[in-house]
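Just so it is clear: chains get the letters A, B, ... in the order the sequence lines come, proteins before strands, and each one is counted from 1.
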Amino acid sequence: MFHQIQSRLQEEVSGHIQTRYGLDLAVVLEEPSDAKFGELALTVAFALAKQLKKAPRVIAQELVDDLGTLPGVVAMEIAGAGYINIRLDRGAYAASLIAPPAAATAAAADKVIVEHTNINPNKAAHIGHLRNSVLGDTFVRMLRASGQTVEVQNYIDNTGVQVSDVVAGFHHLEHKTAADVTELAKGDRFDYLCWDLYARTSQHFKDHPEDEKAWQHEALHAIETGEGDLAELGHVVADAIVLCHLRTMRRLGIIYDVLPRESEILHLQFWATAFEQLKERQAIYLETEGNKKGCWVMAGSYYSDSDDDSKVIVRSNGIVTYVGKDIAYQMWKFGVLGKDFHYRKLLTEADGHEVWVSTAEPQPANNAPKFGGGATVYNVIDTRQSYLQDVVAAGLRALGYTGQAERSIHFNYEMVALTPRTCVELGIELSDEDKSKAHVQVSGRKGLGVKANDLLDKLIEKALGEVESRHADATVEERRAVATQIAIGALRYFMLKFTRNTVIAFDLGEALAFTGETGPYLQYAAVRAKKILHKLAEQGDQLDCAALTPEMLARQLASDDFWHLLMRISKVDSAVAKAVTAGEPSHVARYAFQLAQAFSGFYDKYSVKDEADAERKQFLIWMTGYFRQQLERVAAVLGIPLPQYM
RNA sequence: GCGCCCGUAGCUCAGCUGGAUAGAGCGUCUGGCUACGAACCAGAAGGUCGGAAGUUCGAAUCUUUCCGGGCGCACCA
């Protein structure tokens, strides 16, 4: 509602300036730093002053006089050097919240594709992966809450070196066959087993460098041709680990629509098709001299300022690089490749949501949805891969798909590192150099890191202790369910509270916190609001909707305290919209915390149940219900579940 | 060497396209539970926004430069 008023006023003022002064200015209606200045403020007088060569205050006065009375606005005041502060009609505003005009928000026709998670299927997920998935999933929720149609993709690199290293490890170090590993994969901690094996294999390569190339070549070749026991081993490992990852993410409420796999990109010759287009449009050329002789390369001018750099797309041995495959995949996402995968239903989530996976062979009619063909594509990938993402976008541009290149958005974020203190707590040995650093990088090769499942288990265990101390009477299952919700809330909020370009120095103590700016703080506020409503219902106090007249609301909202609270509560849509524009999920998290803070203050200051004044009591009941409703909405956008009690 | 990011309170971080006295959380110190359950609330202390110069009505925010940190710059993914 606030959002609508803001944009409506923005248009009116902007239109007025257009007709009155003939100037096309970007009018900004900002929210004043201090609530005493009103609800909205205009600073255009400053910008106009420059162009019209008049004092800002004089222009502000002109604007106020000309604009006259605007609907929903009770006052426009000139303040400071030339600010125009706008005060809204409190009663009318509140009334509009109760009966919002039916805004027909037709779902957007254009599809937005968000690709996230993308974990190499060779070991357990760690906290770095968690940041990717939580950011991606929350952004998806934000887009959907804003009425966008979104498709969630989780790309599976099931044919890469990372998988082949684990295959080599099983084969050479463990002497296991595909059949043996199939048995092992039935265990519920197969991803942990592979985590250790991957670290051991990496260590073996360090100690015996001569084995590295040979083993990798052998395994990669087998996987690529799809023949023999090693190829089978690769399938078993990747498929089983993908299911482990899906299970891990499901614990956090993260699910996907489709899993496009690299094996299908290879077998369906996506690359060959893309290669033809790239050659035909001369986006790449065959290098005839220098150290890249025999390679198909893309000129550096496509993706950077310098011309002397070029990027190898096809190696001199004829094998395409990762970037090449990614260009083909990106083309498919936009529907400009001219090819599609076949699909098979992988599984159905508890809520009935179907998850599909790509296949090379045509499937019998299975009603697979139409995937790909997005209008905008967000790739959630950490910032270290910016260079490669630039090359992918450059590939589209070189092919003439300039619009698609512009709508290829690298949703980048900084890495998650560990504080030295946390490494010590986890028993990870550090070099003297690492000990002096602010943070230490997670390394899958070294087996260094915090596994996602371990962290969540630790959080549940800790939450369980808190729940048990407060609700000894509840059943074990119930306490566990509540503790799990608290743990999820804590974890998701922790991953979201930082802006994307902040390196998270992961500290176990901070991540385990349930007080202060945390998910549980938000959950607690929502639980308390619900509790009030329960108590009222018990003693027969109901909200009388007929009592909530604009006049009654205006009387109650004459209190600045109530009015400021109401402003805060009513800005969920505004906060989400702004966060989508900024591409910053942390903004939603911050708003949610502020909303919870507002409620905690309200809770402490006013006693709804014992309010003596009948009208005020009705008003407080309404405020409490509205608080709860908005807390629920914003928690859902953040993917934070709300427990029954805490 | 080139490119990108960061440097704000003791610690961890916000600060929207430059806007009105720079904000949170944690930690520290004072208070507040015969309760709509304190996983909470009220209050206090704590900052030359890395340094310098510039742009302008106005700079934590933009420009330049220096200092200090991180990450990229493969015929790996």
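Under the ring-ring contact (aromatic ring centres under 6.0 Å, His included) criterion, A:Phe514 pairs with no residue at all, not counting sequence neighbours. Legend: residues meeting salt bridge (charged side-chain N to carboxylate O under 4.0 Å, His left out) with A:Lys609, ordered by chain and number and at least two apart, are absent. Evaluation of the salt bridge (charged side-chain N to carboxylate O under 4.0 Å, His left out) rule for A:Arg261 yields A:Asp239, A:Glu264 as partners, not counting sequence neighbours. By the side-chain hydrogen bond (donor to acceptor under 3.5 Å, both in side chains) test, A:Tyr155 pairs with A:Glu262, sequence neighbours left out. A search for salt bridge (charged side-chain N to carboxylate O under 4.0 Å, His left out) contacts involving A:Lys462 returns nothing, not counting sequence neighbours. Under the ring-ring contact (aromatic ring centres under 6.0 Å, His included) criterion, A:Tyr645 pairs with A:His471, not counting sequence neighbours.
For A:Phe593, whose side chain is taken as the heavy atoms from C-beta onward, the closest listed nucleotide among B:A20, B:C71, B:A24 is B:A24. For A:Met646, whose side chain is taken as the heavy atoms from C-beta onward, the closest listed nucleotide among B:A39, B:C40, B:A24 is B:A39. The listed nucleotides are B:A38, B:A20, B:C41; the one nearest the side chain of A:Tyr521 is B:C41. Proximity note for A:Ser600 (side chain, C-beta onward) versus B:A77, B:C75, B:C40: the nearest is B:C40. The side chain of A:Lys311 has B:A74 as its nearest neighbour among B:U21, B:A77, B:A74.
Remark: the A:Asn122 side chain and the B:A77 base include no donor-acceptor N/O pair separated by less than 3.5 Å. No hydrogens or angles were tested; on distance alone, a donor-acceptor pair under 3.5 Å links the side chain of A:Ser316 to the base of B:C75.
Within 4.0 Å (heavy atoms only), A:Asn291 reaches at least one base atom of the nucleic acid. Residue contacts for A:Val608: at a heavy-atom cut-off of 4.0 Å it reaches a base atom on one of the strands shown. Counting non-hydrogen atoms under 4.0 angstrom, A:Leu388 reaches a base of the nucleic acid.
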Pairs under 3.5 Å (N/O, protein and nucleotides 29-34 of chain B):
none

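Atoms OH (A:Tyr413) and P (B:C71) sit 16 Å apart, rounded to a whole Å. A:Arg261 places its CZ atom 19 Å from the P atom of B:A77, with the value rounded to the nearest Å.
In this pair, A:Phe593 and A:Tyr521 present their aromatic rings tilted. The plane angle is within the 30 to 60° band.
For A:Gln389 and B:G72, the shortest distance from a side-chain N or O to OP1 or OP2 is not below 4.0 Å. Taking side-chain N and O atoms only, A:Tyr603 has a distance below 4.0 Å to OP1 or OP2 of B:A38. Close to B:G25, at under 4.0 Å from its OP1 or OP2, lies a side-chain N or O of A:Gln597.
The stretch residues 26-35 of chain A participates, sequence neighbours left out, in these side-chain hydrogen bond (donor to acceptor under 3.5 Å, both in side chains) pairs: A:Glu31-A:Lys571, A:Glu31-A:Lys578.
Pairing of B:U34, defined by two Watson-Crick or G-U wobble distances under 3.5 Å, is not identified with any nucleotide. Pair check for B:U65 finds B:G51; Watson-Crick or G-U wobble, both atom distances under 3.5 Å. In this structure B:A24 sits in a base pair with B:U12, meeting the Watson-Crick or G-U test at under 3.5 Å.
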Per-nucleotide protein contact along nucleotides 10-17 of chain B, 5' to 3', at a 4.0 Å heavy-atom cut-off (B base, S sugar-phosphate only, - neither), is --SSSSBB
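Under a 4.0 Å N-O distance rule, the pair A:Glu77/A:Arg87 qualifies as a salt bridge. Between A:Asp165 and A:Arg445 a salt bridge is recorded (basic side-chain N to carboxylate O distance below 4.0 Å).
Judged by ring centres under 5.5 Å apart and planes tilted less than 30 degrees, A:Tyr83 stacks against the six-membered base ring of B:A20.
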